[in-house]
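Okay, so here's the structure we're looking at.
Keep in mind that this is a model prediction, so the values were computed, not measured. Every chain is numbered from 1 and lettered A, B, ... according to where its sequence line falls, protein lines coming before strand lines.
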Amino acid sequence: MAQVKVLTKNIDLANVGAPCDYQRYMDNGGYEGAKAAFAKQPQEVQQIVKDSNLRGRGGAGFPTGLKWSFVPMNFTGQKYLVCNCDEMEPGTFKDRALLYGDPHQLIEGMLIAAYAMQMTVGYIFIRWEYRKGAALVDAALEEARKNGWLGKNIQGSGFDFHLETHLSAGRYICGEETALLNSLEGLRANPRSKPPFPQIKGFLGQPTIVNNVETFGNLPHILAHGAEWYKKMGTETSAGTKIMGASGRVKNPRLWELPLGVSLRELIYDYAGGPARSGQDIKAVIPGGLSTPLLVPDEFDTLMDFDSVAKAGSRLGTACIIVFDQGDNMVEATENIMRFYRRESCGFCTPCREGIPWIWNMVNAITQREGKEGDMELMAEAGRWLSHTFCAFAPGAQGPFLSALEKFRGEFEEFIRARGAA
Amino acid sequence: MIPQTLKTELTEYVKHYPSERVGLITVMHKLQKHYGGWLPDEAIAEAAEIVGIPEPEVEGVATFYNWFFREPVGRRIIVVCDSISCHLCGCDRLVEHFKKRLGIGMGETTADGEYTLLPVVCLGNCDQAPSIMIDEETYNRVTPEKLDEILEQLSAESAKGES
Ligand SMILES: Cc1cc2nc3c(=O)[nH]c(=O)nc-3n(C[C@H](O)[C@H](O)[C@H](O)COP(=O)(O)O)c2cc1C
Ligand code: SF4
Ligand code: FES
């Protein structure tokens, strides 16, 4: 499958460089999607997004139109729109390119969503490490305000939308949408219980929608060209294009915009150029950011769309793949992976706060050749507890952990047998 | 204590939000900058006053987030990504090199107060691993040799700033 240029029509993914400014954005069909939206009723815009089959690009793949439909449209109080640009999922680097490369695309996408749900205030939640990107967005927001795309009575439509950036202070859990809302409110970023869902009671208790940067990035194109056009890209249940990436042991690590449904094998071997180290074949891939189960070579024909990756026992997640070769030891990789979750657990619920450090201790001991017989069974059982937690963070840790235990059992056992040899 | 002008500025700033507390994290970033990179007790009290919430609530926030510091840090903060792609591409080597060159471990500050060394979660540069940040600057595909160059350049800058 060939690369496409929809979300990246103004971005060179091989070298993101300076952001697309207002003039260049306009010269290349900018704000046409917003114009198309303003020519319709808000409910019609929602219907187009529903018809497009767009699914959220933040990792869970929830249908965007369906998510929006839970916002009570007869609600007369303040409703809020929030963009999730926390992007701290290890191995994921796609939102950075969209944020730094084409901030107007994000602003236009948010404007369309805001109009569709009649939300007059929005925030772009950005991780602290992307603060240079936030400054670029601030400059683009100023351009948009000056040119009448934000503020009061936008383009004479009578619709108001106030949008600003919000810098975080760093914690992976801030990416979980209810934790993000707490963080935005100036609280500790612990997740909230659902229901009530944010669409009913979100930011400051008001109806709120949180979407990912890339999800918003799709909207201008869907509105400008229509749902039918959009659905022609990708697969039947995973429409459109996806910013995919590869990092780790590949020759050509970077990002590409590809139709959903490209094969994992094509991504690894054609786009990413195959193994980086000569004589070391690729032995495993984490397909969608760290929190997705490992896939091994006989699963590389899996197509990179939401349903196919799920059928293969993993998740498309962020579609940024992490590649391991035969020279990598999966016990050591698992130690690194569990170290990340141990550090970033928000500490709110016990199986995650206590269970993950406990598991890490065992894996770490095994890497030190201090493992014991029976450790494999104990770890597998401890790993199963991770689905009994308050939020999806610990199940996210469970995916790569249990799949490593299962698919690379031999490597763990070898270390355990080598007890005392380190 | 912060100057009255900064206090007035921040007090005005938080008022533009639908609830003043929404501005808390931004206020804390600004206070931290004023106090040389960390939040002493008086900064906690000032943030509480500006936003209009009890001090323990501010303390709870200060101790939750990775980028708020409740003890003094170096003039520059070095963070080394140790997430998976950087792990595969040799971040451990960088950490070892930093430790040797600076004579400090993770979480420590050099005796001259110049650098604090910390691990960080994936910086979103996984295709150019290993990746580090020193203050606002990002450095990618870093090797120990490149590290030496970066540190030399930074100390030359600091020396220039002081003379
Ligand atoms: C631990 C955790 C971290 C997450 N981090 C992010 C993130 O950095 N960015 C993001 O867009 N979604 C992240 N999500 C998913 C969000 O909760 C939410 O589903 C998403 O922002 C919704 O946007 P979408 O429907 O447009 O995909 C995370 C979820 C979990 C459980
Ligand atoms: S699963 Fe982990 S991150 Fe989620 S609420 Fe529990 S402790 Fe916090
Ligand atoms: S893993 Fe280090 S930048 Fe992503």
Side-chain angles (χ1 to χ4, degrees), chain A residues 78 80 87-97 121 123 127-132 164 166-172 174 183-190 203-204 206 245-249 252-255 286 289-290 320 322-325 328 332-333 336-337 339-340 343-344 346-347 400, chain B residues 14 16-30 32 39 47 51-53 57-69 77 79 81-89 91-92 118-133 135-138 140-141:
Chain A
Q78 186 66 53
Y80 293 99
E87 190 162 74
M88 289 173 79
E89 180 76 37
T92 302
F93 48 103
K94 65 182 184 73
D95 295 338
R96 173 194 274 277
V121 176
Y123 298 100
R127 68 178 292 190
W128 176 244
E129 292 86 344
Y130 287 3
R131 56 198 182 278
K132 279 196 169 177
E164 56 180 285
H166 179 97
L167 277 171
S168 178
R171 263 323 265 274
Y172 168 64
C174 292
S183 186
L184 199 56
E185 288 183 17
L187 299 163
R188 290 164 75 93
N190 297 119
F203 181 60
L204 299 172
Q206 306 294 107
S247 68
R249 303 286 183 207
N252 181 25
R254 52 164 284 185
L255 296 168
I286 297 184
L290 194 66
C320 286
I322 303 158
V323 182
F324 302 85
D325 72 16
D328 293 317
E332 283 164 2
N336 176 272
I337 292 169
R339 182 159 22 116
F340 162 79
R343 194 160 71 210
E344 290 298 321
C346 87
Chain B
V14 298
H16 95 280
Y17 284 114
S19 155
E20 284 151 357
R21 182 160 189 164
V22 176
L24 177 61
I25 286 179
T26 304
V27 165
M28 289 168 75
H29 276 308
K30 298 242 154 117
Q32 186 160 272
L39 294 165
V51 176
I53 57 172
E57 297 266 324
V58 179
E59 185 74 270
V61 169
T63 53
F64 186 88
Y65 293 94
N66 298 338
W67 284 101
F68 291 134
F69 304 108
I77 295 188
V79 293
C81 170
D82 63 352
S83 292
I84 190 71
S85 306
C86 290
H87 171 76
L88 293 177
C89 297
C91 67
D92 288 353
L118 292 167
V120 74
V121 168
C122 177
L123 289 169
N125 298 309
C126 326
D127 55 339
Q128 301 169 65
S131 182
I132 69 169
M133 279 183 92
D135 296 336
E136 296 215 339
E137 287 312 313
T138 300
N140 294 327
R141 295 205 173 93

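- In this structure, chain B has a heavy atom under 4.5 Å from the side chain of A:R96, while its backbone stays farther away.
- Under a 4.0 Å N-O distance rule, the pair B:E136/A:R131 qualifies as a salt bridge.
- Note that CD of A:E89 is 10.0 Å distant from SG of B:C126, once rounded to the nearest 0.5 Å.
- In this structure the side chain of A:S183 reaches within 4.5 angstrom of the side chain of B:I25, judged on heavy atoms.
- There is no contact between A:A97 and chain B, counting heavy-atom distances below 4.5 Å.
- B:W67 and A:G170 make their closest contact through CD1-CA, 3.9 Å (heavy atoms, listed as atom of the first residue, atom of the second, distance).
- Taken from CD1 in A:I322 to NE2 in B:H87, the straight-line distance is 11.5 Å, to the nearest 0.5 Å.
- For B:S85 against A:S247, the heavy-atom pair with the smallest separation is OG-OG, 2.7 Å.
- Top candidate by heavy-atom pairs under 4.5 Å with chain B, chosen from A:E185, A:R188, A:K132, is A:R188.
- When each of A:C320, A:A169, A:P253 is scored by its heavy-atom pairs under 4.5 Å with chain B, the top score falls to A:A169.
- With a threshold of 4.5 angstrom between heavy atoms, A:E164 approaches chain B through side-chain atoms but not through N, CA, C or O.
- Proximity to chain A (any heavy atom under 4.5 Å) is shown, for B:V120, by both the backbone and the side chain.
- Heavy atoms closer than 4.5 Å to chain B are found nowhere in A:Q78, neither backbone nor side chain.
- Heavy atoms only, all atoms of each residue included: B:M133 and A:E129 are closest at CE-O, 3.6 Å.
- Top candidate by heavy-atom pairs under 4.5 Å with chain B, chosen from A:L290, A:L204, A:V323, is A:L204.
- Comparing B:E20, B:M28, B:H29 by heavy-atom pairs within less than 4.5 Å of chain A, the highest count is held by B:H29.
- Shortest non-hydrogen contact noted between A:G186 and B:V61 is O-CG2, 3.4 Å.
- Between B:Y17 and A:H166, the angle of the ring planes goes over 60°, which puts this pair in the perpendicular group of the 30/60° scheme.
- Taking CG of B:N66 as the start and CE of A:M88 as the end, the distance is 6.0 Å to the nearest 0.5 Å.
- The contact between A:C346 and chain B is made by backbone and side chain atoms together, counting heavy-atom distances below 4.5 Å.
- With respect to chain A, the highest number of heavy-atom pairs below 4.5 Å among B:E57, B:R21, B:Q128 belongs to B:R21.
- Contact annotation: the side chain of A:I337 approaches that of B:I84 to within less than 4.5 Å [non-hydrogen atoms, C-beta and beyond].
- Note that the CG atom of B:L88 and the CG atom of A:N336 stand 7.5 Å from one another [nearest 0.5 Å].
- In this structure, SG on B:C81 lies 9.5 Å from CZ on A:F340, to the nearest 0.5 angstrom.
- Side chains of B:Y65 and A:C174 form a contact here, defined as non-hydrogen atoms less than 4.5 Å apart.
- Between chain B and the options A:G347, A:A189, A:S168, A:G245, heavy-atom pairs under 4.5 Å are most frequent for A:A189.
- Here the closest heavy-atom approach between residue B:G124 and residue A:F93 is recorded as O-CB, 3.1 Å.
- Interface remark: A:V121 contributes no atoms to any contact with chain B (heavy atom separation under 4.5 Å).
- Heavy-atom pairs under 4.5 Å with chain B were tallied for A:R127, A:E87, A:K94, A:Q206; the largest tally goes to A:R127.
- Across B:L123 and A:Y130, no two heavy atoms sit closer than the pair O-CE1, 3.5 Å.
- Neither the backbone nor the side chain of A:I286 has a heavy atom closer than 4.5 Å to any heavy atom of chain B.
- Using a cutoff of 4.0 Å between basic side-chain nitrogens and carboxylate oxygens, B:D82 and A:R343 are scored as salt-bridged.
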